[in-house]
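Just so you know, these numbers use all the heavy atoms, side chains as well, and skip hydrogens, waters and symmetry mates. Here is how names work: the chains are called A, B, and so on, in the same order as the sequence lines, proteins then strands, and each is numbered from 1. These numbers come from a predicted model, not from an experiment.
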Amino acid sequence: MELSDALLGWYDTHARALPWRVPPDESRVGMLPDPYHIWLSEVMLQQTTVTAVVKYFHAFTTRWPTVHDLAAAKDAEVMGQWAGLGYYARARNLLKCARMVVADHGGVFPETRDGLLSLPGIGPYTAAAIAAIAYGHSETVVDGNIERVMARLYDVHTPLPVAKPELTALAAILTPQDRAGDYAQAVMDLGATICTPKSPACGLCPWSSACKARVNGTAADLPKRAPKTRKPTRYGIAYIARRNDGAWLLERRPDKGLLGGMLGWPGAEWGAKPIAQPPLNADWQTLPAEVRHTFTHFHLRLTVQMATVADETPDTGQFLPADQFSPDDLPTVMRKAYDLAKDRLIAD
DNA sequence: AAACCGGGGGT
DNA sequence: ACCCCAGGTTT
């Protein structure tokens with residue numbers, strides 16, 4: 001039997017139930033899921049775990065049930081709803097993409113890999129995933145799970161990312177003509193639940209008898225990766241000003257760069273040493289505790305300073321009335337600073 | 001090709 | 001502390 005058939009048989013009984021997925025029930029054979037749901041979930045799943053995505057997927061589809069609804073949303077609403085999920089360029093591209101689908105494609109996502117690739121936020125992985133899962137096309141989907149499964153199945157020792165083309169070619173050979181979407185999801189489920197990064201459960205794997213790494217005893221050591229550089233530490237100051245009427249002084253960060261497009265507390269750029277740059281003159285109080293946060297490529301230590309101020313015009317940022325501010329709209333590092341300040345307000 | 005871009009959970 | 005994750009964009 002073909003390897004793909006063995007895996008599809010396993011998927012029919014072991015597929016995880018996910019909100020955007022049509023279960024492989026006998027009564028629903030051939031049913032395809034909503035392309036809007038697949039696109040939204042796949043963008044959210046970029047470098048993000050299923051557990052984290054489920055809550056956000058539900059919130060987005062409840063608030064914006066169709067791509068038309070999302071396309072009509074305001075930028076700040078979408079950025080706020082995305083807060084906490086990370087990689088905020090995804091949220092900006094999500095909204096751009098929704099508006100392009102409505103304006104240029106009549107509200108229908110393109111069906112082909114190339115058509116999907118032309119949209120913002122959709123790269124090789126997501127284009128193949130949408131074409132296969134939402135439209136049933138035989139496209140080869142390669143994500144981190146599938147790289148790991150292929151490296152083990154064929155005992156490939158070439159380190160990533162150099163090994164990527166080789167692993168993609170191997171994955172393409174296995175991709176079936178029929179049920180390519182189920183097949184892609186099956187390999188990803190296999191990687192997520194059985195062929196895990198550490199301690200793979202080879203005894204439960206439908207591909208165990210074919211797996212070369214299992215025979216050679218190398219499965220747990222694959223895939224190989226290029227060595228990583230260690231993260232430097234940066235320092236900064238967050239200024240949290242509260243006006244007498246309860247308004248908070250916040251700034252919208254520029255679209256490009258770190259935390260692009262998100263709300264945050266004013267302060268100088270983070271660097272090797274903290275730089276004082278208060279947004280206005282006030283009696284700033286330094287909090288006894290600091291915020292520690294780790295980004296993709298550096299650690300951050302953030303000192304938090306607070307002040308209560310009168311109605312002044314700040315040098316940077318603008319006051320947001322209390323009824324228009326929700327801490328849920330903040331990215332996590334800014335939320336951590338807020339939580340420290342909130343504790344101080346309660347203590348006083 | 002390499003750098004940039006979050007956050008959380010597991011180990 | 002280090003690993004990983006249903007990657008894409010920019011330089």
Side-chain angles (χ1 to χ4, degrees), chain A residues 15-16 18-21 37-57 79 82-94 96-97 116-130 132-134 139-149 160-162 164-165 168 171 181 183-193 195-200 220-234 253-262 264 291-300 330-336:
Chain A
R16 291 182 293 173
L18 300 174
W20 48 86
R21 186 177 276 185
H37 287 178
I38 296 304
W39 163 72
L40 179 61
S41 65
E42 290 298 346
V43 171
M44 288 180 168
L45 285 163
Q46 291 165 8
Q47 298 301 102
T48 309
T49 57
V50 168
T51 308
V53 164
V54 167
K55 298 188 291 284
Y56 285 84
F57 178 81
M79 300 311 291
W82 195 274
L85 200 54
Y87 284 118
Y88 298 97
R90 292 187 294 172
R92 298 194 306 276
N93 287 328
L94 188 83
K96 270 190 213 167
C97 182
L116 290 159
L117 269 177
S118 70
L119 294 167
I122 298 183
Y125 163 76
T126 308
I130 297 172
I133 298 170
E139 293 288 351
T140 299
V141 180
V142 183
D143 73 327
N145 283 306
I146 296 179
E147 287 175 353
R148 182 172 62 256
V149 171
L160 286 167
V162 174
K164 174 109 183 175
T168 299
Y183 170 78
Q185 294 177 94
V187 186
M188 292 190 277
D189 276 17
L190 189 72
T193 63
C195 196
T196 50
K198 295 174 182 177
S199 313
D221 301 321
L222 295 177
K224 301 282 190 189
R225 293 183 190 274
K228 303 184 176 175
T229 59
R230 62 176 285 279
K231 301 182 198 319
T233 300
R234 294 186 193 171
R253 299 172 64 88
D255 274 349
K256 297 196 175 190
L258 192 70
L259 306 178
M262 298 300 290
V291 169
R292 291 194 181 207
H293 191 76
T294 299
F295 293 94
T296 305
H297 54 294
F298 66 93
H299 303 289
L300 176 67
L330 297 173
T332 298
V333 65
M334 301 299 176
R335 175 62 185 263
K336 287 179 179 176

What's [X] touching, base or sugar-phosphate or nothing? Going by heavy atoms closer than 4.0 Å.
X      : result
A:R225 : sugar-phosphate
A:T126 : sugar-phosphate
A:K256 : nothing
A:L300 : nothing
A:G257 : sugar-phosphate
A:P161 : nothing
A:G191 : nothing
A:I146 : nothing
A:T48  : base

Requested in this report: Decide yes or no on side chain to side chain contact (heavy atoms under 4.5 Å, CB included) for A:L116 and A:W39, but give the supporting numbers first.
Outcome: CA-CA 10 Å; A:L116 290 159; A:W39 163 72; over 6 Å; no
Spacing between [X] atom [atom1] and [N] atom [atom2], to the nearest angstrom:
X      : N     : atom1 : atom2 : result
A:R335 : B:dG6 : CZ    : C1'   : 16 Å
A:D255 : B:dC5 : CG    : C1'   : 14 Å
A:D189 : C:dC5 : CG    : P     : 15 Å
A:H297 : C:dC2 : NE2   : C1'   : 18 Å
A:W82  : B:dG7 : CH2   : P     : 13 Å
A:Y56  : B:dG6 : OH    : C1'   : 11 Å
A:E147 : C:dC4 : CD    : C1'   : 12 Å
A:M188 : C:dA6 : CE    : P     : 9 Å

On DNA chain B, more 5' by nearest nucleotide between A:K55 and A:F295 is A:F295
The answer to which of A:G86 and A:T51 contacts DNA chain B further toward the 5' end, by nearest nucleotide, is A:G86
Taking side chain as C-beta onward, heavy atoms only, is [X] less than 4.5 Å from [Y]?
X      : Y      : answer
A:V141 : A:Y125 : yes
A:F298 : A:L300 : yes
A:V333 : A:L259 : yes

The answer to which of A:N93 and A:R21 contacts DNA chain C further toward the 5' end, by nearest nucleotide, is A:R21
When both distances are under 3.5 Å in a Watson-Crick or G-U wobble arrangement, the nucleotide paired with C:dC3 is B:dG9
Quote, to the nearest angstrom, the [atom1] distance that separates [N] from [M].
N     : M     : atom1 : result
B:dG6 : C:dC5 : C1'   : 12 Å
C:dG8 : B:dG9 : C1'   : 23 Å
C:dT9 : B:dG8 : C1'   : 23 Å

Heavy-atom closest pair (A:R148 atom, A:C195 atom, distance to 0.1 Å) is NE-O, 2.7 Å
Taking N and O atoms by type only, does the side chain of [X] place a donor or acceptor under 3.5 Å from a partner on the base of [N]?
X      : N     : answer
A:Y125 : C:dG7 : no
A:R16  : C:dA6 : yes
A:T49  : B:dG8 : no

Contact under 4.0 Å: [X] side-chain N or O vs [N] OP1/OP2:
X      : N     : value
A:H293 : B:dG6 : no
A:Q47  : C:dG7 : yes
A:Y87  : C:dC5 : no
A:T296 : B:dG6 : no

Distance alone, cut at 3.5 Å: any donor-acceptor contact between the side chains of A:R90 and A:Q46? no
Closest approach to the side chain of [X], judged atom by atom: which nucleotide of [options] is it?
X      : options             : answer
A:E42  : B:dG7, B:dG6, C:dA6 : C:dA6
A:K228 : C:dA6, C:dC4, B:dC5 : C:dC4
A:R148 : C:dT9, C:dG7, C:dC4 : C:dC4
A:K198 : C:dA6, B:dG7, C:dC3 : C:dC3
A:Q46  : B:dG8, C:dC5, C:dG7 : C:dG7

Check: Stepwise, does the side chain to side chain contact (heavy atoms under 4.5 Å, CB included) test hold for A:L85 with A:T48?
Finding: CA-CA 8 Å; A:L85 200 54; A:T48 309; 3.9 Å; yes
Margin query: In this structure, is the centre-to-centre distance between the rings of A:H297 and A:F295 below 6.0 Å?
Written below: no
